[in-house]
Amino acid sequence: MSAKVLITERLLASCEQAIIEKLNGVRLYEQQDPETFLKEHGGEFPAIAGFAVSKELIEALPNLRLIANFGVGYDGVDIRAAKDRSIAVTNTPDVLSEAMAEITLGLMVSLARRLPQADRYVREGRWPEGPFPLQNQLTGKTVGIVGLGRIGKQIAELCQAFKMRVVYFGRNKQADIPYVYYDNLVDMAGDADWLVVVTPGGAATKNLVSKEVLQALGPKAYLVNVARGSVVEEKALIDLLQNGGLAGAALDVFANEPDVPQELLTLENVVLSPHQGSATHQTRFAMGALVVANLEAFFAGEPLLTQVV
Ligand code: 8YV
C-alpha cells in the first residue's frame, strides 16, 4: 500500500481509522518528536488530513499535493503557501449546514429565553421562591445574517420558521433571494434585532463586526457568532456587553480558543458554547466521510469532490 496521508491532529476516530486502513495514514500528533519525524519522513506524504496546516508544515512535506481539510472553514490552512506550490485544498461543505443552523437557533432561543439560567434556577431549588423573570421572544424580530452562504441560508430558513424577518449582508446581492440585502454592515446592524455572524474567517473578515457595527446594533439587540472569533472585535464586544451597549451575545467561537476571556464568564447576558457548531454524531461522521472521499478521489486520479483551491 503506497498512498500515504499525514493526519496532522486528532480527527473523528472513524475518519482516522479509514485513512489509516485504506490510505496508509500516519498520525503526526502521536509521534514522540514530530519535528524529527518530519525531517526523516516528510517526503513520503502526498496528502494531509487535518485543519491546522501551517507554512512550516507545508515546507516540511516536499511532495505534498493535497490538503483535505476537516471542516468547511479552511482559515487554519496557509492558503498562500498551498497556492505557491499548486497544492490542492478540499473542505467539507453542505454536510454540516443543518447542524450549524440548528445550533444557531438553539443559541438564539437560549439567549432570548435565558435557558441556561432557567435550568440553574430549577436545579438550585429557587422555583418555590417565585417565578423565573419574563424573557424575550424571537417572533417578529429582524435577524441580520452576515454571510448568506450555504449555512446562512439554512439559518435564514429556520429564522423564517420562527416568524422572523430576514435581512443579509455580503459582498454581493444574490439573485433569487427573497431577503432584503445590505451592502453596508453598519446600516444592516441598525436595522437588526439579532446579528448572526456566519461568514468565513481569515484575514479578509478580521474584525468585520467592528465596534462601530456593534454600536449600531445597539442596547436592545443581540449578537450571535457561529463563524470564527476573529470576525468580531472581541474587546469592543465585551465592553458593550458590560456597559449595556448590547442586550446580549451567544458565542460558539472565540478569538483564542479554547481560552475564553474571563470577562465573558461573569456576564449573565451571554451564552457560551465550546465551538460545537458541527459537533453532532451524524454531521461529524459525514464530514469525515467527505474527507476520506476526497483523499480517495485524489489517489485514484479522479476529480476532487469539494475543492476550494
Ligand atoms: C471545525 C468548523 O472544523 O467546519 C468548520 O469550519 O469550524 C468545525 O466544523 C471542526 O471543529 C474541526 O474539528
Side-chain angles (χ1 to χ4, degrees), residues 5-20 25 27-30 47-54 57 66-79 82 89-107 145-155 170 196-206 208-209 224-232 234 250-260 272-295 304-309:
V5 180
L6 189 65
I7 304 169
T8 53
E9 52 265 295
R10 194 178 291 282
L11 307 176
L12 184 75
S14 62
C15 173
E16 287 193 16
Q17 208 51 42
I19 294 171
I20 289 166
R27 294 181 173 112
L28 179 62
Y29 68 83
E30 271 195 348
I48 279 181
F51 49 83
V53 184
S54 65
L57 180 58
L66 172 68
I67 298 167
N69 182 66
F70 190 100
V72 67
Y74 47 93
D75 49 317
V77 177
D78 191 319
I79 292 298
V89 180
T90 58
N91 69 344
T92 62
D94 297 317
V95 292
L96 45 55
S97 298
E98 280 90 0
M100 291 294 301
E102 277 186 19
I103 201 168
T104 303
L105 270 293
L107 287 169
I145 297 182
V146 183
L148 196 75
R150 287 173 277 218
I151 300 169
K153 286 182 179 127
Q154 291 288 332
I155 294 171
V196 171
V197 184
V198 64
T199 194
T205 56
K206 188 159 169 52
L208 172 71
V209 180
V224 181
N225 189 3
V226 292
R228 289 291 183 264
S230 60
V231 184
V232 176
E234 207 168 65
L251 307 170
D252 186 46
V253 289
F254 303 87
N256 189 27
E257 295 173 9
D259 297 334
V260 175
L272 304 170
S273 167
H275 201 143
Q276 292 294 289
S278 67
T280 69
H281 293 291
Q282 80 193 70
T283 288
R284 284 288 167 83
F285 183 83
M287 288 165 70
L290 190 47
V291 167
V292 174
N294 271 303
L295 289 164
L304 298 168
L305 281 83
T306 50
Q307 183 169 4
V308 284
V309 166

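Just so you know, ligand 1 is whichever comes first in the structure, and atom 1 is the first atom listed for that ligand. We count residues from 1, following the sequence as given. Just so we're clear, the structure is a prediction, and the values are computed from it rather than from any experiment.
Counting only residues at least two apart or on different chains, the side-chain hydrogen bond (donor to acceptor under 3.5 Å, both in side chains) pairs with a member in residues 145-155 are Lys153-Gln174.
Across every non-hydrogen atom of Val5 and Ala49, the tightest pair is CG1-N, 3.8 Å. When all heavy atoms are compared, the tightest approach of Ile67 to Ala82 is CD1-CB, 4.2 Å.
Paired with Met100 under the rule side chain to side chain contact (heavy atoms under 4.5 Å, CB included), one option of Thr283, Ile155, Val72, Val226 passes, and it is Val226.
Counting only distance, with no hydrogens or angles, the side chain of Asn256 and the backbone of Val260 share no donor-acceptor pair below 3.5 Å.
Pocket lining of ligand 1, defined as residues with a non-hydrogen atom under 4.0 Å away: Phe51, Phe70, Gly71, Val72, Gly73, Leu96, Arg228, His275, Ser278, Arg284, Met287.
For the residue pair Asn294 and Thr306, a side-chain donor N or O sits within less than 3.5 Å of a side-chain acceptor on the partner.
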